Protein chains: 6
Amino acid sequence: MILHLSTWTEIEAHLARSRVIVIPIGSNEQHGPTGLLGTDWLCAEIIAHRAEVGSIDMLVGPTFNVGMAQHHLGFPGTISLRPSTMILALRDWISSLAAHGFETIYFLNGHGGNIPTIEAAFSEVFAEASFRGCRSGLDLILRNWWQLAGVDALARQQFPVGHGSHADPSEISITQAAYPQSIKSAPCHPPIAPSGAVRDAVDFRDIHPDGRMGSDPLQASPDFGERLIGVAAQALSNEIAALNAAQARPGANS
Amino acid sequence: MILHLSTWTEIEAHLARSRVIVIPIGSNEQHGPTGLLGTDWLCAEIIAHRAEVGSIDMLVGPTFNVGMAQHHLGFPGTISLRPSTMILALRDWISSLAAHGFETIYFLNGHGGNIPTIEAAFSEVFAEASFRGCRSGLDLILRNWWQLAGVDALARQQFPVGHGSHADPSEISITQAAYPQSIKSAPCHPPIAPSGAVRDAVDFRDIHPDGRMGSDPLQASPDFGERLIGVAAQALSNEIAALNAAQARPGANS
Amino acid sequence: MILHLSTWTEIEAHLARSRVIVIPIGSNEQHGPTGLLGTDWLCAEIIAHRAEVGSIDMLVGPTFNVGMAQHHLGFPGTISLRPSTMILALRDWISSLAAHGFETIYFLNGHGGNIPTIEAAFSEVFAEASFRGCRSGLDLILRNWWQLAGVDALARQQFPVGHGSHADPSEISITQAAYPQSIKSAPCHPPIAPSGAVRDAVDFRDIHPDGRMGSDPLQASPDFGERLIGVAAQALSNEIAALNAAQARPGANS
Amino acid sequence: MILHLSTWTEIEAHLARSRVIVIPIGSNEQHGPTGLLGTDWLCAEIIAHRAEVGSIDMLVGPTFNVGMAQHHLGFPGTISLRPSTMILALRDWISSLAAHGFETIYFLNGHGGNIPTIEAAFSEVFAEASFRGCRSGLDLILRNWWQLAGVDALARQQFPVGHGSHADPSEISITQAAYPQSIKSAPCHPPIAPSGAVRDAVDFRDIHPDGRMGSDPLQASPDFGERLIGVAAQALSNEIAALNAAQARPGANS
Amino acid sequence: MILHLSTWTEIEAHLARSRVIVIPIGSNEQHGPTGLLGTDWLCAEIIAHRAEVGSIDMLVGPTFNVGMAQHHLGFPGTISLRPSTMILALRDWISSLAAHGFETIYFLNGHGGNIPTIEAAFSEVFAEASFRGCRSGLDLILRNWWQLAGVDALARQQFPVGHGSHADPSEISITQAAYPQSIKSAPCHPPIAPSGAVRDAVDFRDIHPDGRMGSDPLQASPDFGERLIGVAAQALSNEIAALNAAQARPGANS
Amino acid sequence: MILHLSTWTEIEAHLARSRVIVIPIGSNEQHGPTGLLGTDWLCAEIIAHRAEVGSIDMLVGPTFNVGMAQHHLGFPGTISLRPSTMILALRDWISSLAAHGFETIYFLNGHGGNIPTIEAAFSEVFAEASFRGCRSGLDLILRNWWQLAGVDALARQQFPVGHGSHADPSEISITQAAYPQSIKSAPCHPPIAPSGAVRDAVDFRDIHPDGRMGSDPLQASPDFGERLIGVAAQALSNEIAALNAAQARPGANS
Ligand code: NI
Ligand code: NI
Ligand code: NI
Ligand code: NI
Ligand code: NI
Ligand code: NI
């Protein structure tokens, strides 16, 4: 079930069966000469929505589409939250869902740069309960899609050389599969981009002049993407089913 | 052009022609027994994306999909930001776009409850410049889709009675046109919902037990929606063309 | 009763009869060549204090005298809060009054530029209750004095041409009636000032070089002001009496 | 000159002669059985406005009327800002005045409980400059009216016993002189109130059941008040004249 | 007992006997040509740790070592928090200790510039309880080490001339006694430094070019320091014993 | 050189040779039945101070001793910052050091739970520069002491079984070596503690009843600690020397 394509009465009924929700989360940031600005949030959304089809009691919320991308602000089209802003926004999303009775909020993440801020946001939410000595009643899960079962092995097989860590052929393949009308071509020199540290945006562009980090994105293809989506969606579906089953066991969250 | 389906080099090229961008903005909140939780952000997104097709140099950014909906938190599925959080998030979105050279940021809004917070956010951004005595260089525009030329007249003609102010047949028709697989049916008693003040969420649900405010959403249809989308998209396209033309005039923003 | 001219025991006694309070709120900002910097907060204060005389159980609190006026910072004497600051300050005022048992906090506003921020502040206060799923117990009312019954009609009759929207003859007449020793005269060219958009302070002064927006303030007179005060004060008195009566009805706020 | 009874052009002219401004600041809080809730801000305002009459180039801004009074929230009518809110509000007031060219902002304070927060606010403003290694260009002065030359000696002479530290006969005398129609009478038992620590509001009311701290306010009289106002106003006038003279010396603020 | 050299079970046991804790607090800031950057926090820590030896049930927590020192940022090595940051950090320290059942949190302070911010932080903590109308259950104490019984008299006797108010011979003597390997020598011209106002860091360095304020620190010696530590530690030990005794009395904190 | 045992003139001289500084950072939190509450910040401090002895131009600042430990608040003695507070505090520390010309700020971290918040703080600092399109000029490094060259291999050899992830024998050995008078003994049942997820503090104590996570701390000894300190300090010294050398190369930070 897609939350934003449902009514509140449908969500009320869902909550009687499952208190788990998946929130795709990513970033809107440059992805090199051929990658889409939406790559990170699109990948999380594509995989979550694919998994939802055919899953039982898997609920997917709206996509948190702008994340922490300050280092990419030197490239037009990047939109970033400050970490402090993102912590507050995540706190409000989580508080809203918790108010309805959701107990497991599973963030399917598409952007490595979001990880520290998401984890800090979780701690911020838990700290409110901890300072008061009461239970939050929440299980907050951060899962990067590339760490879902089978995904990394497939990507290594598909792209044994030049995968890199940003604007990489895996993520670009996924968007090519889902948005075939938006496949871009452009030369990339050198074929495999340089790697380097991440500091501020001016410094980042000095080190990574076309935005790529260690990657050769020209290897991407819709076919590769389709297979990655399939493996990731299946693994996600399995994880949510397991969470639903755990919640349904006697004594869970008692 | 859709920003998140473009590369940074495409946005760089766009900026040489136009420094205008459209950001659809809405809310993820209950919309009565038959309205989708995503109605408000979906409507803004649907209209903006329709307008983009066939327009010249109209750039649409990602959708700001969770807004200020505290009064709807009594209904499952609603997600809300606090006004203070939303001001910070909008400040970061605007600052990101301004850093790339965008000068006119046009928020196409789908949620009445967002209006004060968006306007406060604009003032927050302008205040930074004003306290320093320097120019912001920004034109920040808030436009509600139902105020685009021709839309209100059409809606009054379509729904002379029972339009109401929330979960209304206009917005639901628009989502029915765009998401025909997600058309919902449910009884609504009374046919036209009560109206009332907006305070906190518990109070709101007391006054508006099924979430509707003064509306009879069962009048909605995909056909009505299609016509509303057409009129709104054309008006939006005209407005953006006018903004681009104004910017292109000699002396603009000099 | 004027709160700041009362003792805490008098307020305690008042609360046994009425849980309504009026807070005049405005802005300290330039009002053109002849308008006082305090115009907006003085008008709200003048009307509230006039209404208090002769009313039964009308309690008026201290005036919130500095509001959101960032766009006027290009003119000496303007003092402005950022919207984010004003939201926090209003939250603290409201929380203080709510802690004493006030249930209806009625802000009589004298500055259009305050409206979004005051409304956002109300939502910020309500959101605290809404996220917790509990009632706030509060009715927060924003009323602009120029929208009190009879005021607009009188102003249109007094100033059929050149009323404008800032530094206008209505508000200046009111301060002239109340502060006759501070009536100012200065030439205004052109007689009716230009109108235009509101962005940052430098931009504002470009468009509105003497601070007026669409107004011809030289039409102001103490007599006009006296009549405006009388009509506004009577309407305010009626509104507060109605709120007191509603609160006194069996079942109110039960 | 009273800022809020002046036009922006008058303030512009004033700035050519003096970059000094006085801001009365106080608190709106209980002052025992006979003291007005506005005592602290009224006293500062009364003295500043009295001093302004007859002074040359003394400019008085609007009164900052609600301060830090959390410990008095157990008594109806008290309104308090949190320290964190007050710091932001003072920062915005100071930033506004600094933007116009004021260099010396002199806060005439009427509430002891404000002192730490005002000083912290000054440091907050200075820190912005200090972290950047640039000058603030500001002289921020906090002066309590009871420390103006001659005031303490007079008060000790007037009230050799039972002056106390809150709801004291000095401050109540001042408001009696200025607001003779609002003189209150009520029994006070014991005649001299107990003193004690200041912690939270519930604790405060336990220790100070009628709100007084160590004082016998029934000694207050309008005559005592008139003499205190006279001495304080003269001392204030002298201090501002000295600040103006210092600023006018060659090399000042060079 | 030193908290950070204890286990949680030892602290649990301590809480059964005493709910008092001492937190040394200071600043890391320049202290003239011969003073250590850590002087302020080292002095508080040295005295507290000395007092702990031989005291019964005196618990000393970790040292809050970076405080509010914005005015010293013009000298290398100074580290400062903004007042607003320090308020939040103190709130979190206090909230943590309160969550464990500590009722008396005694800050032994070594830096005058911290005083307003610490007091504002106390009010910030108390305000949370006061707005809710509930007890905080906390006694928050700020004690500057130079105000402990006997310390000032001894310092006046040791340094009758040139004590000054920053980088003074008392505090430098204390660090010389505790860190004899870090005794510094450097010329100081003039022997007694100038005094002056405290504003921003650039202004501060103009007025106090080598960082001293009114002091002649070359009078410092380890022997003087040893005697100051002894007197201060004894007085602190007495104060904590008295607090423990008061807490143990029947009816305390009932 | 230890910053807090140095004068500002010594730091000024250091900056002419090296713009690198080491800040030990940790947490004050429960470490099981035998671990000290200060373990995490003490370990970082011990290693940094040991490395400083004998190194050339290695500067160590004061220890950031209270970090993000919300999940340990169920155990007496733990003190925690919220992530949002810690971000602000780190921003102020970094801004202070940057104002003096430090370019490389190397945080030697002793607490895994700090990692996301420290990284978010770095991004917060960089974002300020990135939104303005200017360079921060900063290299911010986070290094956990257990990842210094050779440390992990040694710990695995020392504790092949039962090392665990909190209150582990490595860190406890280090504090035993440095604080032999504070070696604690207590039974631990079961010998190897359970592992589990980290959520709020109540939940944490349910899962980890004595505070340990997967560890058998009774294996700790001062001898093991001494060897760990030696290896870690040497590796740290080497890293700082390399950073100094890199900075000294022609063209560095040009
Ligand atoms: Ni990516
Ligand atoms: Ni809607
Ligand atoms: Ni006005
Ligand atoms: Ni008072
Ligand atoms: Ni000192
Ligand atoms: Ni540890």
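Order of the sequence lines sets the chain letters (A, B, ...), proteins ahead of strands, with each chain counted from 1. Since the structure is predicted, the reported quantities are computational estimates derived from the model, not experimental observations.
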Discussion item. What verdict does the side-chain contact (heavy atoms from CB on, under 4.5 Å) test give for Arg132(C) and Asp200(B), after you've listed the backbone C-alpha separation in whole Å, the side-chain angles of each residue and the deciding distance to 0.1 Å?
Written reply: CA-CA 10 Å; Arg132(C) 296 181 186 181; Asp200(B) 59 64; over 6 Å; no
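Heavy atoms of Leu138(C) lying under 4.5 Å from chain B belong exclusively to its backbone. Contact annotation for Ile115(B): neither backbone nor side-chain heavy atoms come within less than 4.5 Å of a heavy atom of chain C. The parts of Phe131(B) that come within reach of chain C are both its backbone and its side chain, each placing non-hydrogen atoms under 4.5 angstrom from that chain.
Note: Phe126(B) CZ to Arg82(C) CZ = 15.0 Å, rounded to the nearest 0.5 Å.
Note on Glu128(B), Arg205(B), Met86(B): by heavy-atom pairs under 4.5 Å with chain C, the leading option is Glu128(B). Note: Ser84(C) leads Ala129(C), Ser84(C), Gly74(C) in heavy-atom pairs under 4.5 Å with chain B. Among Ala197(C), Ala69(C), Cys134(C), Gly133(C), the residue with the largest count of heavy-atom pairs under 4.5 Å with chain B is Cys134(C).
You'll find the side chain of Asp139(B) reaches within 4.5 Å of the side chain of Arg199(C), heavy atoms only.
Contact between Gln70(B) and Ser123(C) at its shortest, heavy atoms only, is CG-O, 3.8 Å. In plain terms, the two heavy atoms of Ala120(C) and Thr117(B) that are nearest each other are CB-OG1, 4.0 Å. Nearest heavy-atom pair, Ser130(B) versus Ala201(C), reported as atom, atom and distance to 0.1 Å: OG-N, 2.9 Å.
Within a 6.0 Å radius of CZ in Arg156(C), no more than 12 heavy atoms belonging to other residues, nucleotides or ligands are found.
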